[in-house]
Amino acid sequence: MTVIPSSSEAGPAPESTVSRKKERLWGVTSRGMVPWPGTSSVFGRGFFRRFRKLGTMAWLFLGFLAVGTAIFLFGLAGTVGPYKEGLRENGQPTFFYGAMAFGIVFILMALRMLQVALADKGRRELPPRKERKAPWTWDHPWSQDWMRPDYGKHVGDTLLGRVVFFAMVALFNAAWLTGEGFVYLILIVLDLFALVVLYVTLRTAFQSVRYRTPVVIWEKIPVFTGNLLQGRIAFPRDMRAMGPTRLSLRCVRDEQVSEGGPANQQPVAIYRETQEIPLPGEPGEPLDALSFSFKVPDDLPGTNLVKKEPIYWQVVVRVPVAGPDLEVAFLAPVY
């Protein structure tokens with residue numbers, strides 16, 4: 001068992017770099033799309049209650065689903081069943097295959113739009129304020145026992161967006177049949193981007209299966225700007241680091257990139273401090289825990305998850321292991 005101590009325990013502080021350059025975080029969910037702690041998934045318990053609150057928009061989504069289903073069933077009828085021969089007299093078999101594919105993509109897009117609308121509606125329903133003297137408890141249920149990584153509970157809510165993306169890329173690839181050179185160039189760029197997203201998705205799925213979930217134990221809650229943020233990350237017992245571990249403290253703000261709700265916000269890191277902590281033993285030894293300590297600047301804002309453009313702090317740990325590195329982010333109680 002190996003425990004990497006914090007700088008205060010080990011003597012010399014680990015090498016650290018600080019950046020205040022704004023950096024867009026790709027592949028990270030905006031805070032507005034993350035349900036409030038303690039709530040269920042948007043498609044989970046209370047779905048019909050939330051759906052009815054959409055009012056006329058609910059009928060619009062039902063209309064989109066009906067159109068997509070009709071297109072899919074038309075393509076299916078021209079592929080199998082008793083109407084197959086009659087419909088194929090007026091169309092090629094590939095036409096009906098395309099109709100089925102388009103219908104599926106249309107249905108997935110409608111479900112994704114419904115998901116975004118439900119998430120936006122849920123984010124407007126702020127949780128009740130509990131302790132007036134402890135405002136840090138208003139927007140997140142902090143615990144000094146242990147806490148799971150950020151985003152983890154509602155990963156299924158973000159998975160649908162990626163499924164829709166891959167379905168649309170697959171549909172666009174039918175344009176290879178046009179034989180146009182400029183179309184090929186656009187498709188190559190789109191497919192390369194899709195491969196990057198696929199790699200990140202598969203890596204995340206692989207890590208969730210290979211490793212149990214790491215947790216963080218905070219030494220103090222809350223930590224105010226200008227003070228030390230200290231804690232310990234506990235890893236699964238089969239975690240074997242192959243090199244130095246990288247720890248980052250970052251301040252993130254969700255910025256509006258276009259008109260609309262939380263779905264049109266992009267997380268941007270406005271501050272980042274990164275520490276590289278060498279292994280105390282040999283590579284491949286079991287890693288049990290990692291203690292850390294960061295000095296939080298006093299000229300940056302604290303966490304505020306109820307703003308229109310939320311601000312929050314995260315501790316991100318990256319452990320080099322055999323295969324894709326393990327990387328998880330924990331929401332930090334900086335106020």
Side-chain donor-acceptor pair under 3.5 Å between Y312 and D150, yes or no?
->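 Checked: Y312/D150 side chains show no N/O donor-acceptor pair below 3.5 Å.
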
Do R24 and Q266 meet the criterion of a side-chain donor-acceptor pair at a distance under 3.5 Å?
->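 Their side chains do not contain a donor-acceptor pair, so the 3.5 Å distance test is not met.
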
Is it possible for you to say whether [X] and [Y] belong to one hydrophobic cluster, with membership spreading through side-chain heavy-atom contacts below 4.5 Å?
X    : Y    : answer
I71  : L76  : yes
W146 : I221 : no
L198 : V163 : yes
I217 : W313 : no
F166 : V196 : no

Nearest non-hydrogen partners of [X] and [Y], listed with the distance:
X    : Y    : answer
S293 : Q275 : O-NE2, 3.1 Å
S248 : T274 : OG-OG1, 3.1 Å
A110 : F61  : O-CD2, 4.1 Å
V252 : P267 : CG1-CB, 3.8 Å
F165 : A194 : CE2-CA, 3.8 Å
T225 : P297 : CB-O, 3.3 Å

Within-4.5 Å side-chain heavy-atom neighbours: [X] and [Y]:
X    : Y    : result
Q265 : E255 : no
L331 : L305 : yes
F96  : F74  : yes
L290 : F235 : yes
L229 : L249 : yes
R232 : V216 : no
F292 : Q230 : no
L111 : L65  : yes

Enclosure of [X] [atom1] (heavy-atom neighbours >12, cutoff 6.0 Å):
X    : atom1 : result
R272 : CZ    : yes
M109 : CE    : no
R318 : CZ    : yes
K220 : NZ    : no

Start with the C-alpha gap between Y271 and V18, add the side-chain angles, then the distance that decides, and say whether side-chain contact (heavy atoms from CB on, under 4.5 Å) holds.
-> CA-CA 8 Å; Y271 171 85; V18 176; 3.5 Å; yes

Roughly how far apart are C251 SG and I270 CD1, rounded to 0.5 Å?
->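 It is 3.5 Å, given to the nearest 0.5 Å.
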
Would you confirm whether N227, through its side chain, and F224, through its main-chain N or O, come within 3.5 Å as a donor-acceptor pair?
->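 The answer is yes, because a donor-acceptor pair under 3.5 Å joins these two groups.
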
Would a distance-only check, ignoring hydrogens and angles, find a side-chain to backbone donor-acceptor pair under 3.5 Å from T303 to Y335?
->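 No, the answer is negative, given that no donor and acceptor are paired below the 3.5 Å cut-off.
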
Evaluation steps, side-chain contact (heavy atoms from CB on, under 4.5 Å), between T17 and E273 | CA-CA 6 Å; T17 57; E273 179 184 352; over 6 Å; no

Test side-chain contact (heavy atoms from CB on, under 4.5 Å) applied to V296 and L228, step by step = CA-CA 6 Å; V296 183; L228 283 177; over 6 Å; no

Flag the pair W142 / F330 as yes when their ring centroid distance falls below 6.0 Å, and as no otherwise.
->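 No, too far apart.
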
Stepwise side-chain contact (heavy atoms from CB on, under 4.5 Å) check, I107 with T69 = CA-CA 7 Å; I107 292 172; T69 303; 3.8 Å; yes

